[in-house]
Amino acid sequence: MMLSDDPLDSQTRADLEARLADLESERAALFDWFKRTGAVVIGVVVAGMVIVSLVFGAQEEAQAIGLFIVLAGLAYGAYRMNKLRQRGKAELMGRIAQALGFDYRLNAAGFPLEHFRRLGLLPRYDRDNLHDHLTAETASGERLELVDAKLERKSRSRRRRGPNYTPVFTGLLLRVDASEPFSDQVLVLKDSGMVGNALSGWLRSDEPVHLESARFNSTYTVYANDQVEARRLLTPTVMERCLDLDEQTRGTPQIGFSEGRILIALDRGAPSFEMPQVWQKWDAAAFEAMLDDLRYALGAARLLGREIARPEPESAQADRA
Amino acid sequence: MEWVLLILVLLVVVVGYGWYVVLIRNRNRAQEALASVDVHLRKRHDLVPNVLALARRFMEHEKELLESVTALRSKAQAPYDKGDPEQVKGHLDAERGLQGALRQLFAVSESYPELRSAETMLEAQKTYREVESNIAAARRFYNTAVTRLNTAAQIFPGTVIAGIVGVRPMPFFELEDEAMRQPVNAADHI
């Protein structure tokens, strides 16, 4: 079954709303506990500091101990709130992903970033943080993987002692094991202007591919070992979809066809599939945002004519039974 | 005055040589693209005997169509000079004719259930689709190369330089024959 624009059936939506209501109650209770406990702890710490300073005259020690207790309390509170947020995200994402035909894991360690890096689809980075690993099978039986990635580059700061990490990519990485073989490597990269293209072109062994669309050529630069293969893969429909995706993404998508795999890097400038913060209300907007992120990712898969094989909704199965 | 004249002559020589380089590079590129088109067209030619052998067993009443496919294949396979635009045009026209005839053959074969369901025919149709997809890609490569060559050869001073060095504009490899470009009348198919 193919994916429609509103992919959740009424049963799944009702389940998600019920689960979200439970999570919202937990969130509100935890946040109240945090506020109440915080007020009590701060009150006790301040009173203790005053007493210790007055009785024992150890003002500095009292301040240090008080500060430590407050920080430890804050850290514990943040840990509990983050744990609830992660649990809520895993539950909601797991359910939404299942309804759309994906398997979901919060942890995405082991996702092969090296292939993306080797093809030059990612900016230079020193540290990666991958999560939200989604896997699915396309209608034609190909394996599709998707992760949310944050890549950072190390830099030295004069003001700070240690290294400073600056985000250089926050977005989605998509990998499809293509069933149709392609003999050569084709890369669709962000256009870097006449000078930039000429400079990067000198260092490459493959050659630029000049396609028919002027708009496409001003947005992307295509490199391939085989001019015909590049045109077989980049049909006018795929070119049009690449341009559509470029309009929806902060950074221009970069696409690679290599070693029987299709790789897409989409820099969105913000993490995907996130729950709202604990001090914000968790309402239907929370999973609608996750659903939008997934729709966007599916749009990227459709770019290459890939549809996810979606399971039949439970309500439809029940009706049939 | 002499200096100005010398600079002008130098300028003409530099521009002329630059243009000449562009023309030759584009002509070679167009010929390379034509060679890659031919590689894929040869695959189409190789497919024809198998399809015809199978079709003859079932399509006894389509003798005329089968004979025309054979004739068009022979015409398309005839050797030609890649440097002569007229001969290139003739070759590409012959290929277009063969493509139209093959398309017609596959369309007519739909009326023969035994042929349509034959395993070999299904395989042949699958291969045909793959070959046609590769030909379409090679055609795009060729047409892009020809656009560049023709632009360089048809804009002044390209016209003059091309005339001197014997570079001629090349023909485009059009998609299909004129009849196929006409709007489809739904009533004909109901």
Check against side-chain hydrogen bond (donor to acceptor under 3.5 Å, both in side chains), Asp246(A) and Thr252(A): CA-CA 5 Å; Asp246(A) 174 55; Thr252(A) 302; 3.0 Å; yes

Worked verdict on Ser109(B) versus Gln125(B) for side-chain contact (heavy atoms from CB on, under 4.5 Å): CA-CA 11 Å; Ser109(B) 74; Gln125(B) 277 183 325; 4.1 Å; yes

Verdict with supporting geometry, His210(A) and Gln227(A), side-chain hydrogen bond (donor to acceptor under 3.5 Å, both in side chains): CA-CA 9 Å; His210(A) 189 84; Gln227(A) 295 277 339; over 6 Å; no

Salt bridge (charged side-chain N to carboxylate O under 4.0 Å, His left out) between Arg295(A) and Asp292(A), intermediate numbers included: CA-CA 5 Å; Arg295(A) 270 202 200 103; Asp292(A) 278 349; 2.9 Å; yes

Audit row: Leu52(B), Arg73(B), side-chain contact (heavy atoms from CB on, under 4.5 Å) steps and yes/no: CA-CA 11 Å; Leu52(B) 286 179; Arg73(B) 176 178 179 258; 5.7 Å; no

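The side-chain heavy atoms of Asp128(A) and Lys150(A), taken from C-beta on, include no pair separated by under 4.5 Å.
Within the 3.5 Å criterion, the main-chain N or O of Glu95(B) finds a donor-acceptor partner in the side chain of Arg44(B). With Arg105(A) contributing its side chain and Asp132(A) its backbone, the two residues share no donor-acceptor pair below 3.5 Å.
Residues from residues 25-33 of chain B that place a non-hydrogen atom less than 4.5 Å from a non-hydrogen atom of chain A comprise Arg29(B), given in numerical order. Of residues 127-151 of chain B, those residues lying under 4.5 Å from chain A by any heavy-atom pair are Ser133(B), Asn134(B), Ala137(B), Ala138(B), Arg140(B), Phe141(B), Thr144(B), Arg148(B).
Aromatic ring orientation, His133(A) versus Phe111(A): perpendicular (interplanar angle above 60°, classes split at 30° and 60°).
Taking CZ of Phe273(A) as the reference point, atom CG of Asp293(A) lies at 5.5 Å (rounded to 0.5 Å).
For Leu234(A), the part lying near chain B is the backbone, with the side chain staying farther off; criterion is any non-hydrogen pair under 4.5 Å.
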